[in-house]
Structure formats: structure tokens, C-alpha cells
Amino acid sequence: MADGIYFVVFPYLAFFFAVFGGVYRFNARRYTFSSSSSQLLENRALFWGSVPWHYGIILILLAHLIPIIHAPLWIWLHREPLRMFFFELAGAALGFLTLLGIFVLIARRIFNPGARAVTTAMDWVLLAALALQVLAGFYITFFYRWGSAWYVYTAVPWLRSLVSLNPHMEYITPLPWVLRLHAVNAFVIIGLFPFTRLVHVVSVPFSYLWRPYQIDIGYKKSREEGQPEGEGISRRNFFLKAVIGTLSAVSGLILLVPYIKAIISPAPLKKTEWSKVGDISSIMPQQPKAMNFEMESVEAYMHHMALRSVWVVKESGGELKVFSPICPHLGCHYRWDPGTGHFECPCHGSVFSITGTVLGGPAPRPLDTLPFRIENNILYVKWERFEVGIPQKVRI
Ligand code: FES
């Protein structure tokens, strides 16, 4: 019940508030949509916060959006270990940039009296939600590695199901709490949209991404009277650059440690082990269930905990079948439609029966089954992946 509120009702409510609240505010107080209302870039602290923040968040949002729009492309991009390295490293670096940006922006609002004076209660709520989101994302990057690869099999099908008005929360509900928090908090931020300075997104001030910070001459004269012109600025400027540069270099080195370790002593590509999926006693005959689980995996020559999911089907005779969740056409995640009693792939319309046979669409073979065993009603599977787009079931 609570899951239904968090992962179905709340996302739609947040979207409703964002659209209708945004339209109402635009009509009632159109001038507040301008980014200048947030005093964007009126001083250095804002520059050092705003630029890393905007660069980081725009690229991270893009990386979240592309798999929703074109999952097969994203899956293809992650098939090579080298490309996975790139995405993992880029994600961690952008996460750090965004974290740095949001903390500078928060610090500025706390310590700069002018900025503090124009910060509303809702702005603080928004900053807290953004900081929480970035921190959770950063945590996920480090403790659930290869997020850009498994995201496409977990949150993406859930988000696509919301967009198609056919919500399937079973993709997201079994995930660890921090991932669930990250998902719900994203909709909190969307819901806050019309009530905060987030509305400036609509005015898309891209020029701020390359425009240098500006100095208010009156402000400069009054604050720096008695000092040789520019001396205080350049000293502080140098200090700020040194701090940010050092922080970036240190964090970059920390991020590189596991990758360097992987290059020096790559983890052996060992044989697939059994992974514990969960209790299957509640699965009803003819009612397929998506089950998510964590497994130790070796990808791109590194050990890590990966999130996986499978479809479990109990046939009327009580016999079990475990399907890989990956569509054999081009690798999207398919879902079960209880209305039609079929598995359906949203990408190109392949349809499969409850036993996995192809009923329609471009899928070249039936759904791929996975080896499994059961002990005391607990299901264990051997996770395997297969080539997509060909009639034969060939293990990768
Ligand atoms: Fe094309 Fe599933 S990926 S139908």
C-alpha cells in the first residue's frame, strides 16, 4: 500500500503540481520566471557554485533521460568494458562536480547576508532536497557500482511505465532503500518546481555556463576600500581556485583507485555463481512476478555488487520458470500485462506468452530462461546474458 503511494500516486501528484502550479505561477507572476530573480552570478561564490552545479546536473539529467528515451542505445553503449569504465568514471566525476556546486551554493546562502535575505523558506526546502538527491546519487555511484548499466533495467522500466500511464512499481520496490529514496526525492523536487526558484529552468539561461562571473562595482568599492584595486579579489580568487583544484585532484585520485587496481590486477572472469533471489512461496500460479536481487559480479574486470531482476512464473502444475528480464529483440525490459495475460515489450511491441513463446512483434526467439534451484522456498538463479537480435540463444 505504502509503496503504491510512493511509486505510483506520488509521482503523478508531483507531476500534476509541477505542470498546473507552473502554469498558474507563469500567468500570475510571470516576472518571477526570470533567472535574474535568483541574483544569478552576481558574485564569485555564486559563480563557483552555479557553474559546477549547472554543468554537473545538466549532464547527469541527460544521462538519466537518454535510457528512458532510447533504452537499446544505452544498453549497446554499455556492452564494452571500456565504455562502461568511461560512463562509471564520468558519472562519479559529474557527481563530485554537482556535490561541490550545491555545497558552495548552500554555503553562500548561509554566509552571504544579501543572498540570505532573499532566500525564502521554500528555497531552503529545495536546497535540502537537491543536496539530499545529490548525496544519495553519490552514495549509489560508490556503493552500487555500474549504476548507468543497471539503471536501464530497474528505474527506467518503472519510469517508462509511469509515462505510458500503465504504472509498474514492481521494478523499483524491491531495490535497496537508498535507491528508493533517490527515486521518490526526484519527484519531491519535481513537485517543488512551481513554488521555488527552480522555475528559472524554463527561462534556460545557458549563457551562464560560459559567462565569467560579474563584479558589482558599487559592492566592490564599498567592501574593498583602502585596498589596492583588485588585490583582495585576486588573492581570494587564487585561494578559491587552489581549494577547488586540490579538492578536485584529491577526489579524482580517490575515484581512480579502484580502476587502477583493476588494471594492475584485474579480477578473474570466474564462472557464474548462484545468486539468492528471494522467497517464492507467495507466487501464485499463472501470475508472473518480477523479483530483484543483488549479486556479486565481475564486470569490466572489477568486482562489484550489481542489481538484477528476473521474471518468475509458476505454471498451473506448480512448475517454475525463471526468465531473464531482457527482451531478446534488442535488449529492452519487457513487462507482464495482467489484462492481456502476456509479456509485452514497450520498445518495439514484441509480445510473449506466459511460457515465453513469441506471439507477435520482431523478437527473433522466445524469452530466455535462466538456470535456477530452490531451497526451502528460496529461489537461487544463475544470472546469464545472451546475444540479442538473433534466433539462437547464445551466451555472452
Ligand atoms: Fe525490441 Fe523488445 S527490444 S521488442
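Counting starts at 1 for both ligands and their atoms, in listed order.
- Aromatic ring orientation, Tyr334 versus Phe343: perpendicular (interplanar angle above 60°, classes split at 30° and 60°).
- Within a 6.0 Å radius of CZ in Phe17, no more than 12 heavy atoms belonging to other residues, nucleotides or ligands are found.
- Ser281 and Asp279 share a donor-acceptor pair across their side chains, judged by distance under 3.5 Å alone.
- Taking the six-membered ring where tryptophan is involved, the planes of Trp158 and Phe187 are perpendicular, since the angle between them exceeds 60° and thus also 30°.
- Closer than 2.8 Å to atom 2 (Fe) of ligand 1 sit the protein N, O or S atoms Cys327 SG, Cys345 SG.
- Listed for the Glu344 side chain is no donor-acceptor partner under 3.5 Å among the backbone atoms of Gly349.
- Crowding of Phe10 atom CZ: a count of heavy atoms from other residues, nucleotides or ligands under 6.0 Å exceeding 12.
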